[in-house]
Amino acid sequence: MAPLILPVHTSAELPAATTVAIIGGGIVGLTAALTLAERGVPVTVLEKGRIAGEQSSRNLGWIRKMGRDRADIPLSLESDRLWATMPERLGADIGYRRAGIMYLARTEAEMAGHRNWLASVRDLDLDSRLLAPAEIDRLVPGGAGRWVGGIHTPSDGRAEPTLASSAVARAALTKGAVIVEDCAVRTLSTAAGRVCGVVTERGEIRCDQVLLAGGVWSRRFLGNLGLSLPALPLVASVARTAPMDGPTEIAVGAPDFSFRKRHDGGYTITQRGALVAPLMLDHLLIGHRYLSTLRAQWKNVRISLGRDLLRDLSLGRRWSGDRASPFELVRTLDPPVNDALNAEALRNLALAWPIFKDVVIRQAWAGMIDVTPDSLPVISPVAALPGLTIASGFSGHGFGTSPAAGQLAADLVTGASPIVDPDPYRFDRF
Ligand SMILES: Cc1cc2nc3c(=O)[nH]c(=O)nc-3n(C[C@H](O)[C@H](O)[C@H](O)COP(=O)(O)OP(=O)(O)OC[C@H]3O[C@@H](n4cnc5c(N)ncnc54)[C@H](O)[C@@H]3O)c2cc1C
């Protein structure tokens, strides 16, 4: 069962008009809405299912700079700054803790990867540093694993995805945003070559600007408009333990497991070294764009061929605004949990830290991630369709950067000075 977010009192009414319509009530759309509402811009979020029902409630809650592409570090640094202000800004404890993140290496080749990343960001003045095995034992006691070394970033952290998403939504509502759930946007209305509204399953809303923050659905939405956003789906499975004494507050990522302390006293655990690629038509259409990443990561990807392909084909790729769209057919994407992967993660973790040997698993879930060929999101206006901005393709690490990503999207939509240079996130880079 997927994690539930605290209920938020959203609107049953659809406004006739708004200034900015946001498609998608995940953490990115919600943070953009909060930023716009704080600036006094009328904004309406339209969510086909429940807010944060997809990736934004299912993620691990890691907030990291470590391991990111160098081009993504400015957005991460701004996000760190914003996360620290969130409890006051939202009036809620969202479990944000700057408890640090550590990656471990079993082999020299893995250690070289950490060393190379550190060298690539040397001039950015991060607090990341390489660890010797004895330092790992000191920071995370009780271990039985054999590590060549690791890397640690004390200023990285975590927050609770469910608490954060609902608190951002509530704060946006308080500031005047409108959020409508169970309301899929089928397509856009245009006039004189620019966007002038959204066509929802409950009727049309006129607007000046549209922000598409639809997660894994953005590619399909854009495809119907004749635009191609390269993003392929990957599925990760996660398990949550009952509250327990654990070895550390630091979030730890080994090659074949990860764990991080939760606000409720348990741990969130995953098989960090395995993601499932459910084969779909898009793998044939744009899979070649991922070949270089795949060459480096092929050991981590497990192909699954089955019902996802049939579901994908049955959803269709072209539709008009007066017919039910794929977004109404799948209110909340809830991929099946891969119990074998969760069991692998628990086994590997218990071998490395025996305190996890007899953990009680309280919940397991899976989530589908939208991955771009360069693993950077698109946060960008669309030149071919004035009035449309995209914020999607966060490639499995968009929770951590969501405060600044949402703000950047809001900046771009309103023409405000951008919080960071948006160049790395251009749509036309593909
Ligand atoms: C298992 C897992 C672990 C992860 N771990 C981490 C982590 O530790 N740290 C990290 O930084 N990131 C992590 N991520 C990634 C992170 O969760 C995402 O990058 C982030 O949540 C993306 O937010 P979003 O708002 O773009 O997308 P989503 O949360 O997917 O939201 C998109 C929303 O748009 C809605 N929507 C789509 N199309 C329409 C439409 N046409 N009309 C109306 N609504 C629509 C969907 O229903 C959905 O609710 C993880 C992801 C998963 C799945």
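Because only heavy atoms are used, hydrogens play no part in the values below, and waters and symmetry mates are left out as well, while side chains stay in. Counting starts at 1 for both ligands and their atoms, in listed order.
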K.L.:
Can you confirm if the NZ or CZ of R272 lies within 45° of the ring axis of Y103 and under 6.0 Å from the centre of its six-membered ring?
P.N.:
yes
K.L.:
Would you call G396 a ligand 1 contact, heavy-atom distance under 4.0 Å?
P.N.:
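Checking ligand 1 against G396, which is what was asked, there is a heavy-atom contact under 4.0 Å.
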K.L.:
Could you tell me whether the side chain of Y267 reaches within less than 4.5 Å of the side chain of R240, counting heavy atoms only?
P.N.:
no
K.L.:
If a pair satisfies salt bridge (charged side-chain N to carboxylate O under 4.0 Å, His left out) and one of its residues is in residues 200-212, list it, with sequence neighbours excluded.
P.N.:
E201-R331
K.L.:
Of E201, Q55, H397, which has the heavy atom at the shortest distance from atom 30 (O) of ligand 1?
P.N.:
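Considering heavy atoms of E201, Q55, H397, the nearest to atom 30 (O) of ligand 1 sits in Q55.
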K.L.:
Under 4.0 Å from any heavy atom of R58, which atoms of ligand 1 are there?
P.N.:
1 (C), 2 (C)
K.L.:
Which bit of F327 is near ligand 1, meaning a heavy atom under 4.0 Å away: side chain, backbone, both or neither?
P.N.:
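Near ligand 1, F327 shows its side chain, while the N, CA, C and O stay back.
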K.L.:
Can you pull out every ring-ring contact (aromatic ring centres under 6.0 Å, His included) where at least one residue sits in residues 304-347? Sequence neighbours excluded, please.
P.N.:
W217-F327, F221-F327, W319-F327
K.L.:
Answer with side chain, backbone, both or neither: which part of I51 has a heavy atom less than 4.0 angstrom from an atom of ligand 1?
P.N.:
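Neither; nothing of I51 gets under 4.0 Å from ligand 1.
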K.L.:
Within the structure, does V185 bring an N/O atom to less than 3.5 angstrom of an N/O atom in ligand 1?
P.N.:
yes
K.L.:
If you have a sec, work out which protein heavy atom is nearest atom 39 (C) of ligand 1 and how many Å separate them, to one decimal?
P.N.:
I23 CG2, 3.8 Å
K.L.:
Which residue and atom name correspond to the protein heavy atom nearest atom 37 (C) of ligand 1, and how close is it?
P.N.:
G214 O, 3.3 Å
K.L.:
Should E47 be counted as touching ligand 1, given the test is an N or O pair under 3.5 Å?
P.N.:
yes
K.L.:
For atom 19 (O) of ligand 1, find the nearest protein heavy atom and state the residue, atom name and distance (0.1 Å precision).
P.N.:
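Scanning the protein heavy atoms, the shortest distance from atom 19 (O) of ligand 1 goes to G398 N, 2.9 Å.
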K.L.:
Where does W62 meet ligand 1, judged by heavy-atom distances below 4.0 Å: at the side chain, the backbone, both, or neither?
P.N.:
both
K.L.:
For I27, counting its heavy atoms only, list the atoms of ligand 1 lying under 4.0 Å from any of them.
P.N.:
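Counting atoms of ligand 1 from 1, those under 4.0 Å from I27 are 21 (O), 23 (O), 25 (O).
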K.L.:
Any idea which protein heavy atom is nearest atom 5 (N) of ligand 1, and the distance to it?
P.N.:
L60 N, 3.1 Å
K.L.:
Among all protein heavy atoms in this structure, tell me which lies nearest to atom 43 (C) of ligand 1, with the distance rounded to 0.1 Å.
P.N.:
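Ranking protein heavy atoms by distance from atom 43 (C) of ligand 1, first comes K48 N, 3.2 Å.
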K.L.:
May I ask you to identify the nearest protein heavy atom to atom 21 (O) of ligand 1, giving residue, atom name and distance to one decimal place in Å?
P.N.:
S56 OG, 3.0 Å
K.L.:
In terms of the angle between their ring planes, are W147 and W353 parallel, tilted or perpendicular, with boundaries placed at 30° and 60°?
P.N.:
parallel
